[in-house]
Amino acid sequence: MTDFPGSPDSAARERDAAESASAFAHPAVAPDRTAAYGDHPDQVVDFYAPRDGRTGAPLVVLLHGGAWRSPYDRAHVSPLADFLARRGFAVANVEYRRGGDDIPRQRGGAEPGAGSTGPVAGRWPETFDDVAAALDAMPALASRELPGADVRRIVVSGHSAGGHLALWAAARHVLPEGSPWRLPAPPSLRGVVALAPIADFATAVGLGVCGGAVTQLLGGEAGSVLGGDAGAVLDGDAGSALGGDAVAVERAAHADPGVLLPTGIATAIVHGVEDIVVPPTVSEAYVDAAARSGETVGLTLLGGVGHFPLIDPSADACAVVAEELAQLAW
């Protein structure tokens with residue numbers, strides 16, 4: 001739930017709670033294979049083969065959400081992975097290192113800010129190290145673990161914080177010079193389908209999305225939910241939104257999809273109009289930023305849908321997600 005200005009009413013909160021309960025009610029689905037892309041226990045990928053046994057299936061690389069925080073792992077999107085496998089996709093469900101209670105607030109061993117509670121959002125730089133490493137290793141891993149997958153047709157998808165990581169993974173070739181994650185050329189992807197992504201940091205920080213998770217991810221002072229000037233959301237000024245915090249502002253240049261444009265990678269976003277966790281304004285800001293850079297990003301807004309139906313196989317919205325993936329993959 002968010003604490004953004006214009007807080008949702010009780011009906012919206014009840015809808016969100018019901019949608020969340022439905023999405024998380026599905027039992028985890030065991031993968032067909034699991035492989036490591038590094039030495040850390042979180043550096044693993046679960047693979048799901050297309051259920052109809054087809055060969056040459058496009059590969060969906062799936063990045064889970066959960067505000068980059070450790071209580072949420074890949075298991076909660078395993079029903080979505082299985083749903084997509086039943087639609088004829090090969091699926092790689094990626095785990096990565098996230099923030100937790102066992103680490104400081106991302107800089108110099110500082111103690112948590114007085115106003116922050118719960119697990120830290122993300123690990124800097126490990127979260128980004130892992131996503132970069134997983135994507136770099138993916139063609140070889142998938143070829144070995146899922147011989148029926150066509151690694152020439154990879155679509156990256158992710159939900160919420162995972163949607164942010166999917167957009168970021170497709171933008172590594174436009175990272176600032178000297179970034180350890182920068183690629184010399186665009187990644188070999190058919191495209192990106194981001195689901196309710198935390199796509200634009202200035203807007204997300206201004207709205208206090210996920211209890212200041214963006215500010216925590218970047219190592220900013222998270223004692224305040226906004227971290228800075230909430231009005232900066234109106235002009236897309238991430239520096240002002242982050243309160244001018246030098247560390248967070250510098251890191252945002254390497255992590256914010258809203259400034260890593262244009263990518264030249266086909267990109268589609270699906271977002272629920274009723275989303276109170278990551279409001280659709282966040283995706284709209286990214287689409288607008290892409291347009292200013294000369295790039296068109298597809299945005300599908302689903303009426304009567306909140307944050308969680310996009311990953312809920314029992315919801316109609318999940319079929320829309322599968323269709324968006326198919327349009328890029330086939």
Side-chain angles (χ1 to χ4, degrees), residues 1-25 62-67 72 76-77 79-80 83-84 157-167 191-211 213-214 225 230 233-234 236 257-258 266-292 295-328:
M1 212 68 65
T2 60
D3 300 308
F4 57 84
S7 208
D9 60 23
S10 59
R13 291 183 181 278
E14 288 172 5
R15 174 200 288 271
D16 178 69
E19 290 177 340
S20 174
S22 177
F24 283 87
L62 185 59
L63 296 161
H64 70 81
Y72 305 96
H76 82 268
V77 293
L80 172 61
F83 174 85
L84 295 174
S157 187
H159 178 243
S160 196
H164 155 263
L165 294 171
L167 294 170
V192 178
V193 178
L195 314 176
I198 304 177
D200 182 89
F201 279 4
T203 307
V205 170
L207 294 174
V209 164
C210 296
V214 170
V225 169
V233 67
L234 299 177
T267 301
I269 294 176
V270 183
H271 214 127
V273 172
E274 307 300 330
D275 193 334
I276 63 171
V277 177
V278 181
T281 308
V282 179
S283 284
E284 291 168 344
Y286 177 83
V287 171
D288 290 345
R292 289 193 297 272
E295 191 159 85
T296 299
V297 170
L299 175 60
T300 300
L301 293 172
L302 301 181
V305 171
H307 192 64
F308 294 101
L310 303 179
I311 61 168
D312 183 352
S314 67
D316 292 342
C318 223
V320 176
V321 170
E323 180 59 30
E324 292 287 343
L325 289 166
Q327 289 185 20
L328 291 180

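All of these numbers come straight from a predicted model, not from anything done at the bench.
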Legend entry - Partner set under side-chain hydrogen bond (donor to acceptor under 3.5 Å, both in side chains) for His307, not counting sequence neighbours: Ser160, Asp275
Inset, instruction - Mind checking side chain to side chain contact (heavy atoms under 4.5 Å, CB included) for Val321 and listing every partner two or more places apart, or none if nothing turns up? - result: Leu195, Leu310, Leu325
Inset, instruction - Answer yes or no: is there a side-chain heavy-atom contact under 4.5 Å between Ile198 and Val209? - result: yes
Inset, instruction - Considering non-hydrogen atoms only, spot the tightest contact between Leu167 and Ala199 and give its length. - result: CD1-CB, 3.6 Å
Inset, instruction - Report the residues that fulfil side chain to side chain contact (heavy atoms under 4.5 Å, CB included) with Ala12, sequence neighbours left out, ordered by chain and then residue number. - result: Pro8, Asp9, Ile276
Inset, instruction - Kindly give the heavy-atom pair with the smallest separation between Gly65 and Tyr72, and that separation in Å. - result: O-CB, 3.8 Å
Inset, instruction - Kindly state whether the ring of His64 and the ring of His159 have centres lying under 6.0 angstrom apart. - result: no
Inset, instruction - Using a 4.5 Å cut-off on heavy atoms from C-beta on, say whether the side chain of Ser283 contacts that of Leu299. - result: yes
Legend entry - ring-ring contact (aromatic ring centres under 6.0 Å, His included) partners of Phe83, counting only residues at least two apart: none
Inset, instruction - Determine the minimum heavy-atom distance between Leu80 and Pro313, stating which atoms define it. - result: N-CG, 4.1 Å
Inset, instruction - Working to the nearest 0.5 Å, report the span between CZ of Arg15 and OG of Ser10. - result: 12.5 Å
Inset, instruction - Applying ring-ring contact (aromatic ring centres under 6.0 Å, His included), name anything that partners His271, two or more places apart in sequence or on another chain. - result: none
Inset, instruction - Without swapping roles, check the side chain of Glu19 against the backbone of Gly306 for a donor-acceptor pair under 3.5 Å. - result: yes
Inset, instruction - May I ask you to decide if Ala285's main-chain N or O and Thr203's side chain share a donor-acceptor pair within less than 3.5 Å? - result: no
Inset, instruction - Using side chain to side chain contact (heavy atoms under 4.5 Å, CB included) as the criterion, list what pairs up with Thr296, not counting sequence neighbours. - result: none
Legend entry - Rounded distance [0.5 Å steps], CD in Glu284 versus CG in Asp200: 11.0 Å
Inset, instruction - With the side chain counted from C-beta on, respond yes when Asp316 and Pro309 share a heavy-atom pair under 4.5 Å apart, and no when they do not. - result: no
Legend entry - Check: Tyr286 and Pro257 side chains under 4.5 Å, non-hydrogen atoms: yes
Inset, instruction - Could you tell me whether the side chain of Val277 reaches within less than 4.5 Å of the side chain of Cys210, counting heavy atoms only? - result: yes
Legend entry - Beyond-backbone contact of Val297 with Ile269, side-chain heavy atoms, under 4.5 angstrom: yes
Inset, instruction - For Glu323, check side chain to side chain contact (heavy atoms under 4.5 Å, CB included) against everything at least two apart and list the hits. - result: Gln327
Inset, instruction - Return the set of residues passing side-chain hydrogen bond (donor to acceptor under 3.5 Å, both in side chains) with Glu324 (not counting sequence neighbours), or none when no residue passes. - result: Thr300
Inset, instruction - Go through the steps for Leu302 and Val273 under the test side chain to side chain contact (heavy atoms under 4.5 Å, CB included), then give the verdict. - result: CA-CA 6 Å; Leu302 301 181; Val273 172; 5.8 Å; no
Legend entry - Close side-chain approach of Ser314 and Ser22, heavy atoms under 4.5 Å: yes
Inset, instruction - Give, for atom CG of Asp312 and atom CZ of Phe24, the distance between the pair rounded to the nearest 0.5 Å. - result: 10.0 Å
